[in-house]
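Below: the structure, in structure tokens.
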Amino acid sequence: MSESFEQDQSKAPAFEDAMDQLDQIVKQLEENDVPLEKAIGLFQEGMALSKVCHDKLESVEKKMDQLLTPDGETRPFSVQGDDE
């Protein structure tokens, strides 16, 4: 991973904080009395927060897809019957 990506990730809000901020933005936009310029800014901020949440969820999903074997190696996670 690049150093700038790692720095960006460390500056990103926690998932729960990002979701709370996103919820507040949605509520503001739903009020319908937000001036256009402010609505555009809120929309852009919401899209950025949405990406943060998506990236964090994707990262967790990748971690959950891997399990450690007794010898310390990782292997893909599967549940018996998944392939049926």
Self-check item: Nearest-0.5 Å distance, CZ of residue Phe15 to CG of residue Leu49
Solution: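 Answer rounded to 0.5 Å: 11.0 Å.
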Quiz prompt | Interatomic distance, Ser59 atom OG to His54 atom NE2 [nearest 0.5 angstrom] | solution =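 Reported value, rounded in 0.5 Å steps: 11.5 Å.
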Exercise. Write down the atom of Pro13, the atom of Val52, and the distance for their closest heavy-atom approach.
Key: O-CG1, 4.0 Å
Quiz item: Considering residues at least two apart in sequence or located in another chain, which fulfil the side-chain contact (heavy atoms from CB on, under 4.5 Å) criterion with Lys27?
Solution: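 So Lys27 forms a side-chain contact (heavy atoms from CB on, under 4.5 Å) with Asp23, Gln24.
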List the atom pairs, with distances to 0.1 Å, where a side-chain N or O of residues 29-46 and a protein N or O form a donor-acceptor pair under 3.5 Å, not counting sequence neighbours.
none

